[in-house]
**Student:** 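Starting off with a structure, shown below.
Just the heavy atoms: all of them, side chains too, but no hydrogens, waters or symmetry mates, feed the values below. Since the structure is predicted, the reported quantities are computational estimates derived from the model, not experimental observations.
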Amino acid sequence: GLLIARGDIVKARVLLDEALVIQRRLPDPSGESDTLSKLSALHLANGDAEAALRSADASWLKVDGGPFMQEQIQALRATIAAQAALGQTLAALATTNQLHALKMDALKEQRFEILADLQARMQDAAAQLEVEKLRHESEVQSLNLAKASLLRNSSFLILAVLLLAAILF
């Protein structure tokens with residue numbers, strides 16, 4: 001990217017071609033897609049919009065349907081730039097809509113993950129409250145049993161004192 005921005009297109013092309021060879025051997029679809037997107041930008045900087053579109057399309061094919069969100073966005077942006085350079089306004093608009101839909105789907109997925117996490121936390125909190133309620137009820141029951149035992153023992157003591165008083169008097 002920096003070499004292209006500085007105008008060193010020949011050196012950038014050599015480095016990108018070398019990177020593509022290595023990434024195809026690995027295989028590394030996300031890295032290959034990223035390199036193809038950069039190659040598309042290089043073609044545009046060199047004035048070859050057709051080659052830019054081919055590289056952008058190849059970039060998209062490497063990551064379409066996969067988990068590589070950032071690379072998908074880069075590939076679509078490269079496609080839009082190439083289509084705009086070729087004067088394909090309707091195609092660029094359609095690709096822009098595709099990019100927007102991709103971003104919205106990612107946001108929806110993120111929102112669903114947040115909601116699922118929140119629901120799990122709420123269920124954990126509800127379960128914790130239920131455990132606390134059961135613990136409290138157990139403590140109350142324990143105190144009631146202790147109270148009943150104390151009353152029973154006090155009653156026996158009073159009866160014993162009364163019986164002893166009746167025997168002695």
**Student:** Does CD in Q141 sit with more than 12 non-hydrogen atoms of other residues, nucleotides or ligands closer than 6.0 Å?
**Tutor:**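 No - once you tally the heavy atoms of other residues, nucleotides and ligands closer than 6.0 Å, there are 12 at most.
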
**Student:** With no hydrogens and no angle check, is any side-chain donor or acceptor of T95 less than 3.5 Å from a backbone partner on A91?
**Tutor:**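 Yes; at least one donor-acceptor contact below 3.5 Å.
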
**Student:** Might you point out which heavy atoms bring I80 and L99 nearest each other, and give the distance in Å?
**Tutor:**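 Looking at all heavy atoms of both residues, the closest pair is CD1-CD2, 4.0 Å.
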
**Student:** Less than 3.5 Å apart, any donor N or O on the side chain of E71 or S59 sitting next to an acceptor on the other?
**Tutor:**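 Result is no, nothing qualifies.
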
**Student:** Between D34 and Q74, do the side chains contain an N or O donor and an N or O acceptor separated by less than 3.5 Å?
**Tutor:**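 Side-chain D/A pair, D34 to Q74: present.
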
**Student:** What is the distance from atom OG1 of T96 to atom CZ of R77, rounded to the nearest 0.5 Å?
**Tutor:**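 Spacing of OG1 (T96) from CZ (R77) equals 10.5 Å.
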
**Student:** Between R13 and H43, what is the shortest heavy-atom contact and its length?
**Tutor:**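 Where R13 meets H43 most closely, the heavy atoms are NH1-CE1, 3.0 Å.
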
**Student:** Which heavy atom of S30 sits nearest a heavy atom of V63, and at what distance?
**Tutor:**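 Looking at all heavy atoms of both residues, the shortest contact is CA-CG1, 4.1 Å.
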
**Student:** Where is the tightest heavy-atom contact between L86 and A49, given as atom of each residue plus distance?
**Tutor:**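 Reported closest heavy-atom pair: CD2-CB, 3.4 Å.
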
**Student:** Looking at S149 and L145, would you say the former's side chain and the latter's main chain have a donor-acceptor pair under 3.5 Å?
**Tutor:**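 Not confirmed, S149 side chain does not pair with L145 backbone.
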
**Student:** Using the rule given for side-chain contact (heavy atoms from CB on, under 4.5 Å), can you reason through L134 versus E130, listing the C-alpha separation, both sets of side-chain angles and the distance that settles it, and then say yes or no?
**Tutor:** CA-CA 6 Å; L134 291 173; E130 186 64 28; 4.2 Å; yes

**Student:** In Å, rounded to the nearest 0.5 Å, how long is the span from OG of S37 to NZ of K62?
**Tutor:**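 Those atoms lie 12.5 Å apart.
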
**Student:** T35 side chain to G31 main-chain N or O, any donor-acceptor pair under 3.5 Å?
**Tutor:**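 Indeed, once roles are kept as given, a pair shorter than 3.5 Å links the two residues.
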
**Student:** Determine whether F68 and P29 make a side-chain contact, defined as any pair of heavy atoms from C-beta on separated by less than 4.5 Å.
**Tutor:**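 Yes, close enough: below the 4.5 Å cut-off.
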
**Student:** Is the number of heavy atoms from other residues, nucleotides or ligands within 6.0 Å of CG (L159) greater than 12?
**Tutor:**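 Atom CG in L159 is packed in, count exceeds 12.
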
**Student:** Any chance you could measure I114, atom CD1, to E109, atom CD, to the nearest 0.5 Å?
**Tutor:**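 Output value for this atom pair is 10.5 Å.
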
**Student:** Any non-hydrogen side-chain atom of M69 less than 4.5 Å from a side-chain atom of Q72?
**Tutor:**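 Heavy-atom side-chain distance check passes, below 4.5 Å.
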
**Student:** Yes or no on side-chain contact (heavy atoms from CB on, under 4.5 Å) for Q128 and K133, after CA distance, side-chain angles and deciding distance?
**Tutor:** CA-CA 9 Å; Q128 186 67 26; K133 178 183 171 190; over 6 Å; no

**Student:** From H136 NE2 over to S138 OG, what is the distance, rounded to the nearest 0.5 angstrom?
**Tutor:**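 Those atoms lie 10.5 Å apart.
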
